[in-house]
Amino acid sequence: MKILVCISKTPDTTAKIAFTDNNTKFNDAGVTFIINPYDEWYALVRALELKEKLGGTVHLITVGGADAEPIIRKALALGGDEAFRVNADSQDSFYIASQIAEHAKAEHYDIIFTGKETIDYNGSSIGGMVAELLDLPYVSVAAKFELEGTTATINREVEGGEEIDSVSLPVVVSCQKGMAEARIPNMRGIMAARTKPLKVVEPVAADTLTSIAGFELPPAKAGVKLVSPDNVEELVKLLHEEAKVI
Amino acid sequence: MSVLVFADQHEGKIKKAALEAVQYGASVAKQLGTAVNAIVVGEVSNDELASLGNYGAAKVLHVADARLNDIEPGVVTKVVAAAAEKEGADVIIFAHNFSGKAIAPRLSARLKAGLVAGAIELPDTSNGFVVKKNVFSGKAFAKVSISSAKKIVSVLPNTFSLAPVGGTAAVEAFSPAINDADFKVKVVKVETVSGEVPLTEAEIIVSGGRGLKGPENWGLVEDLAHVLGAATAASRPVSDSGWRPHHEHVGQTGLTVRPNLYIAIGISGAIQHLAGVNGSKVIVVINKDPEAPFFKAADYGIVGDAFEVVPKLTEALKKYKAN
Ligand SMILES: Cc1cc2nc3c(=O)[nH]c(=O)nc-3n(C[C@H](O)[C@H](O)[C@H](O)COP(=O)(O)OP(=O)(O)OC[C@H]3O[C@@H](n4cnc5c(N)ncnc54)[C@H](O)[C@@H]3O)c2cc1C
Ligand SMILES: Nc1ncnc2c1ncn2[C@@H]1O[C@H](COP(=O)(O)O)[C@@H](O)[C@H]1O
């Protein structure tokens, strides 16, 4: 079994969101970066579980600058075997997907896992794009992935429930909660990660289809209107007359 | 040039998020001085298809193929690409729902058409094509510019209220070649809770947290939801402990919801929870701790014990609804 896990670097979930350069750049001063939670907790851990059960290798790929290396080292510490960093800084999903697809073409993976979305740009796009570029089947927002020989049974979220899909490998899957339980790297893993291969590759030429023109912060809330617990009728009235939501 | 909207259906009924996408497509078309057409795949009645005219669609291309009652993203990508070519569509719109997330990125790569996923405003076409979307899980917005000739936008559900215009769309059969061999993802089974509104489409959501102490107390949440015709949701520890099913988990690592009204009961309002609900139009918080962070994100609040306040609120709403 040969699995590729796509790893992205995102600000910590509690990071303060602010912008610089006339609101065109994320202000990363004092921000801790983490592996995107969906990539770490679900995509990577499920890949590791499959490897532990069936044997094989787990490769990691990230498209990013040298500042992404601590993140990819952590993913190696959790149990990835080998990592690739495509040395390019881009926010365009198609550009990133093109780099991942280019790498995957030569490696013939059985499974490519991504997270369901990044928690910074919330694109939820890379997996589908990689699948199309490689002409592979794609199952998005998967909560469960079981393998029987070369046939995967995948539970995918749909409105108000789940769809159960059956697909022959190779396949691209975007992962969410339910796929696996988060793990914490142990000392042995951290030590081993230091000597695991992390290859830096230069990007191939690819189109950039989108760019971020600027960021905005939401307007501040006016402040909460408190209602006495002994006067819930007042809340009903406010919701009807003022907020007009009931 | 024209605008094309992929309108997805479940069991023959066009989804609400898809109607919102059609309406959005109609507004974009108006802005660009062109027409909007829709494409629907799977078995759907003619009346249901024609009713898309109510949201501005001029014409509906219908691929009446039973194999497409469920979505195979690779196949539907080819079908939508064929429809876009036939109609000369430069702008293609999806709902940013589960079908949209499966298909729009594939189509984007196929057509080399830049994609903005989860639009919350109409595009600004005064200088290029710039679309606003949520980033940082709703903690900020980005204006994303699409530079490619063909453009794809997926519309965040529950962002644009439906305003029917009262029209009927022309329905046209469309039969692109679809090979059995292309169905690589086989849908074995679809398990949806019938009779309940999916969380992502709900107008009102009543949500419970660890403050409710245990699953046996969820009657409180359900009774309140029932009088409001609301869907129910939960914080992550609640679904992690199995008090409530996983599909009710909202927040950074769960579902993102944008109802008109979100009522949070016994939820502290951690930043990761807020990330999934801060797009709600109105937030009501019921918490016994006046320092709970959720109050900072709320429009209305009651500082009090949920076990006393919620039954009273349910009764008051019953009276209000009866009048
Ligand atoms: C990377 C990451 C991702 C996460 N993703 C999510 C996510 O997607 N969704 C999510 O919800 N959380 C998420 N979390 C967890 C989040 O940080 C909080 O721990 C969680 O939201 C707390 O849930 P809670 O508010 O139900 O429980 P608690 O924090 O325990 O709060 C319970 C609240 O109930 C109140 N209360 C107690 N008794 C009563 C009573 N009788 N009446 C009224 N109020 C009462 C208390 O005052 C308290 O405010 C994530 C955390 C991390 C680190
Ligand atoms: N720069 C990147 N390098 C490698 N993988 C990425 C990168 N960006 C996103 N991904 C993967 O694609 C998934 C979806 O990202 P997105 O489409 O940007 O929301 C993430 O969860 C990652 O698994």
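Each chain gets a letter, A, B and so on, in the order the sequences are listed, and its residues count up from 1.
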* Asked: Would you say the side-chain atoms of K177(A) and S239(B) include a donor-acceptor pair closer than 3.5 Å?
  ->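 Their side chains do contain a donor-acceptor pair, which is all the 3.5 Å distance test asks for.
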* To do: Determine whether the side chains of T13(A) and Q272(B) contain a donor N or O and an acceptor N or O closer than 3.5 Å.
  => yes
Which atoms of [X] approach chain A - backbone, side chain, both or neither, heavy atom under 4.5 Å:
X: D182(B); answer: neither
X: L228(B); answer: side chain
X: H10(B); answer: neither
X: V284(B); answer: side chain
X: I103(B); answer: neither
X: A297(B); answer: backbone
X: V187(B); answer: both
X: A113(B); answer: backbone
X: E308(B); answer: neither

For [X] and [Y], which heavy atoms make the closest approach, and how far apart are they?
X: V309(B); Y: P229(A); value: CG2-CB, 3.9 Å
X: V167(A); Y: K184(B); value: CG2-O, 3.5 Å
X: A316(B); Y: E233(A); value: CB-OE2, 4.1 Å
X: E163(A); Y: I71(B); value: OE2-O, 4.4 Å

* Is the backbone N or O of S137(B) less than 3.5 Å from a side-chain atom of N122(A), with the two atoms forming a donor-acceptor pair by type? ->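 Yes: the side chain of N122(A) pairs with the backbone of S137(B).
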* E242(A) and Y300(B): CA distance, side-chain angles, deciding distance, side chain to side chain donor-acceptor pair (under 3.5 Å) verdict -> CA-CA 11 Å; E242(A) 189 178 82; Y300(B) 302 100; 2.4 Å; yes
* Asked: So, are E216(A) and K143(B) salt-bridged, with charged N and O less than 4.0 Å apart?
  ->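 Looking at E216(A) and K143(B), the cut-off is met.
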* Asked: Does a side-chain N-to-carboxylate-O contact under 4.0 Å join D299(B) and K225(A)?
  -> no
